[in-house]
Number of protein chains: 2
Amino acid sequence: MLTYTEENYLKAIYHLSGEDQREVSTNAIAEALLTKPASVTDMLRKLADKSLVHYVKYQGVSLTRKGRKEALLVVRKHRLWEVFLVDKLKFNWDEVHEMAEQLEHIQSTILIDRLDAFLDYPSFDPHGDPIPDQKGDLKIRKKFLLSDVPVAFSGKVIALADTSPVFLQYLDRLAICPGCAIQVTDKIEFDGSLELLLNAKKKIVISNEVAKNLYVH
Amino acid sequence: MLTYTEENYLKAIYHLSGEDQREVSTNAIAEALLTKPASVTDMLRKLADKSLVHYVKYQGVSLTRKGRKEALLVVRKHRLWEVFLVDKLKFNWDEVHEMAEQLEHIQSTILIDRLDAFLDYPSFDPHGDPIPDQKGDLKIRKKFLLSDVPVAFSGKVIALADTSPVFLQYLDRLAICPGCAIQVTDKIEFDGSLELLLNAKKKIVISNEVAKNLYVH
DNA sequence: ATAAAAATTTAGATGAATCTAAAAAATAAA
DNA sequence: TTTATTTTTTAGATTCATCTAAATTTTTAT
Ligand SMILES: [Mn+2]
Ligand SMILES: [Mn+2]
Ligand SMILES: [Mn+2]
Ligand SMILES: [Mn+2]
């Protein structure tokens with residue numbers, strides 16, 4: 001069994017190491033968890049003792065197969081609870097993170113599987129992120145940053161790089177959400193801002209900063 | 001804000017002090033929380049410092065108005081989650097206690113109020129226990145132990161003194177649950193066992209031990 | 001009323017998770 | 001390639017919740 005804190009560390013390392021599961025630095029973890037580097041070092045030793053991470057002093061850390069699985073089971077719980085909060089309790093997608101942050105630590109496999117069934121086996125959370133299965137397996141979709149895509153590109157928003165409330169609220173105002181159809185009608189050289197056709201009917205302009213936080217396919 | 005452990009202590013003291021909110025002993029709390037008397041003493045001093053309990057060394061403990069309110073808010077969360085688990089996730093009433101024991105510590109007033117609405121403002125949990133309101137107020141119903149009631153008594157089961165899985169499973173077998181109509185058709189002098197008419201159609205016999213764990217009105 | 005038993009509290013330790021301050025190692029700059 | 005800067009780790013404390021063993025207080029029994 002993992003402690004509350006160990007689960008949070010594993011999840012943070014998982015998120016920080018990205019698609020390619022690269023090594024994560026002590027400072028990066030400290031910043032993500034609002035803690036100090038010294039505390040992170042202690043915990044890394046503890047996680048290494050439990051074979052949850054590969055850790056060599058001064059050389060960063062990465063998840064073992066076991067650690068990655070545990071991390072993904074926490075991610076599964078987090079995202080399923082988010083779906084519950086938005087679909088059933090009618091919260092807005094920018095309000096659910098804090099609550100899911102606690103709910104993800106409820107320990108009961110049967111509970112989370114029943115919740116999964118109750119929600120009708122969703123594949124994605126309200127922010128467009130995929131939900132791992134019972135075994136902690138995740139199917140990865142190819143995705144591109146909207147800021148890297150060429151003019152005339154046509155596709156759908158499938159995920160967000162930033163999921164902070166301010167960004168989510170701004171997306172609400174722009175009427176952008178995962179699933180939206182997007183066509184890049186123009187790209188401004190000067191500042192990288194984009195002119196888009198949203199859902200084949202609405203014309204909008206977004207800054208490069210926004211485009212860098214939207215994944216499309 | 002209360003810690004996870006403080007919430008558990010307050011709830012235990014609330015349950016142990018009963019209807020009339022009598023003083024609770026250190027040993028009783030230790031037994032209820034599967035901990036040692038020495039640990040309880042430490043915590044009582046801490047709770048007293050926070051004005052959550054009235055505590056005089058060697059003389060037992062009782063909840064202050066503030067402590068009672070906090071305890072009832074935990075009870076509210078516990079019972080609402082139990083309703084969710086049984087009504088929505090289709091768990092049996094004997095399976096939900098452990099999970100609710102964790103869920104009751106999720107900290108978000110708005111979450112629990114939304115859950116309340118989602119469940120259609122239930123008044124009782126799956127075991128027949130009343131659910132306190134947002135302010136931590138509870139309406140108490142008069143109730144009698146089935147074992148104390150005279151022959152020919154007619155009424156309904158409204159709560160259980162014991163809610164352990166074994167007892168709940170036995171009640172399932174007898175088809176007794178909160179809300180059931182009960183008529184006492186005979187009482188055996190020898191061992192206090194009762195002959196009942198259940199829901200005006202089924203005749204059953206229960207031991208005095210069972211009758212002592214059923215509340216009726 | 002005194003002695004024995006039970007309940008409760010204190011003293012001192014432990015493990016988990018955190019911190020600050022100082023030392024050591026790795027990286028970047030001159 | 002030295003030196004300076006940044007990153008990371010160690011050393012030593014702190015807080016929370018727990019424990020065991022010993023000392024107190026209260027309660028019960030003789
Ligand atoms: Mn969390
Ligand atoms: Mn999410
Ligand atoms: Mn609990
Ligand atoms: Mn209950």
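Protein chains get the first letters and strands the later ones, always in sequence-line order, with residue 1 at the start of each.
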_Below 4.0 Å: OP1/OP2 of C/dT18 and any side-chain N or O of A/Thr35_ = no
_Rounded distance (Å) that lies between atom C1' of D/dT10 and atom NZ of A/Lys36_ = 17 Å
_B/Val184 and B/Leu146, any side-chain heavy atoms less than 4.5 Å apart_ = yes
*Once you round it to whole Å, what is the distance between C1' of C/dA16 and NZ of A/Lys50?*
10 Å
_Nearest-angstrom distance from the residue atom CD of B/Glu23 to P of D/dT26_ = 14 Å
_Is a donor from one side chain sitting under 3.5 angstrom from an acceptor on the other, for B/Asn8 and B/His105?_
yes
_Does a side-chain N or O of B/Thr3 approach OP1 or OP2 of D/dC16 to a distance below 4.0 Å, or not?_
no
*Which whole-number value in Å describes the distance from B/Ile29 CD1 to C/dT9 P?*
9 Å
*If you look at every strand shown and take non-hydrogen atoms under 4.0 Å, does B/Tyr4 touch a base, only sugar-phosphate, or nothing?*
nothing
For nucleotides 6-8 of chain C, give me every protein contact, N/O to N/O, under 3.5 Å, one pair per line with atom names.
unit_1: C/dT8; atom_1: OP2; unit_2: B/Asn27; atom_2: N; d: 2.9
unit_1: C/dT8; atom_1: OP2; unit_2: B/Asn27; atom_2: OD1; d: 3.4

_Mutual orientation of the aromatic rings belonging to B/Phe118 and B/Phe84 [parallel < 30°, tilted 30-60°, perpendicular > 60°]_ = tilted
*Starting at CG of A/Asp49 and ending at P of C/dG15, how long is that distance when rounded to a whole Å?*
14 Å
*Phosphate OP1/OP2 of C/dT10: any B/Arg45 side-chain N/O under 4.0 Å*: yes
*asked:* Just by distance, no angles: are the side chains of B/Trp93 and B/Asp172 close enough, under 3.5 Å, to form a donor-acceptor pair?
replied: yes
*Please determine if B/Lys11 and B/Glu104 form a salt bridge, counting it only when a charged side-chain N lies under 4.0 Å from a carboxylate O.*
yes
*B/Ser164 side chain to B/Asp162 side chain, donor-acceptor N/O pair below 3.5 angstrom*: yes
*Pick the nucleotide of DNA chain C nearest each of A/Asp42 and B/Ala38; which residue has the one closer to the 5' end?*
B/Ala38
_Integer-rounded Å distance: D/dT15 C1' and B/Met43 CE_ = 12 Å
*Measure the shortest side-chain to side-chain distance between B/His97 and B/Glu82 over non-hydrogen atoms and say whether it is less than 4.5 angstrom.*
yes
*asked:* Categorize A/Thr5 for me: base, sugar-phosphate, or nothing, with a 4.0 angstrom heavy-atom threshold over every strand shown.
replied: sugar-phosphate
